[in-house]
Amino acid sequence: MSTLSDDLTPLRIDRDAASRRRWLPWALLLGLAIVAAAVYPSARAFVEERRAPEVEVAHAVQPVASVPGGSAELPVLVATGYVIARKSSDVGVKAGGRLAAIRFEEGTRVH
């Protein structure tokens, strides 16, 4: 029995030894910071591209005709600009051919 204990005596855990991978969390953190710095400009451009444009809001008031007998049909609001659709769809056909007639108007829902 003494030979067995003599064989196991050198097999002890050295609890005072430093961990061999203390650098691993720091390396992962550094790698994450490098990836974030590389991706940030394109991510910011992506978000900026999809952000709604800033608009100036103004309250419209009905103008009062100062001349008697003046035009009462004055517009309440006149504005210029453009509209961009949030979604678009492409319409295609499964089989080629020629249209004989279109029996609906623009904006009508069809199946």
Side-chain angles (χ1 to χ4, degrees):
M1 199 65 150
S2 68
T3 57
L4 182 62
S5 98
D6 291 338
D7 290 340
L8 296 178
T9 304
L11 299 176
R12 300 230 182 247
I13 297 173
D14 186 12
R15 301 204 188 269
D16 296 329
S19 176
R20 295 183 349 185
R21 292 193 180 169
R22 287 185 185 231
W23 56 269
L24 186 61
W26 293 107
L28 291 174
L29 187 61
L30 179 64
L32 182 63
I34 290 172
V35 168
V39 170
Y40 178 74
S42 60
R44 183 175 176 153
F46 177 80
V47 169
E48 191 69 32
E49 182 179 303
R50 279 152 183 77
R51 182 179 294 171
E54 292 185 23
V55 295
E56 185 177 330
V57 178
H59 294 282
V61 294
Q62 180 71 34
V64 179
S66 60
V67 180
S71 174
E73 295 291 326
L74 294 175
V76 174
L77 177 67
V78 177
T80 59
Y82 57 93
V83 176
I84 298 174
R86 289 187 186 179
K87 295 181 181 179
S88 64
S89 61
D90 296 326
V91 178
V93 296
K94 292 183 179 178
R98 186 173 181 172
L99 291 175
I102 299 177
R103 295 191 172 98
F104 57 88
E105 296 180 14
E106 185 177 342
T108 306
R109 291 183 181 251
V110 296
H111 294 282

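Basis for what follows: all heavy atoms, side chains included, without hydrogens, waters or symmetry-related copies. Start at 1 with the first residue, then count along the sequence.
Trp26 belongs to a hydrophobic cluster whose other members, connected by ILVMFWY side-chain contacts under 4.5 Å either directly or through intermediates, are Leu29.
Atom CZ of Arg50 has more than 12 heavy atoms from other residues, nucleotides or ligands within 6.0 Å. Counting non-hydrogen atoms of neighbouring residues, nucleotides and ligands closer than 6.0 angstrom, the CG atom of Leu28 exceeds 12 such neighbours.
Clustering ILVMFWY residues whenever any of their side-chain heavy atoms sit less than 4.5 angstrom apart, transitively, puts Val83 in a cluster other than the one holding Val55.
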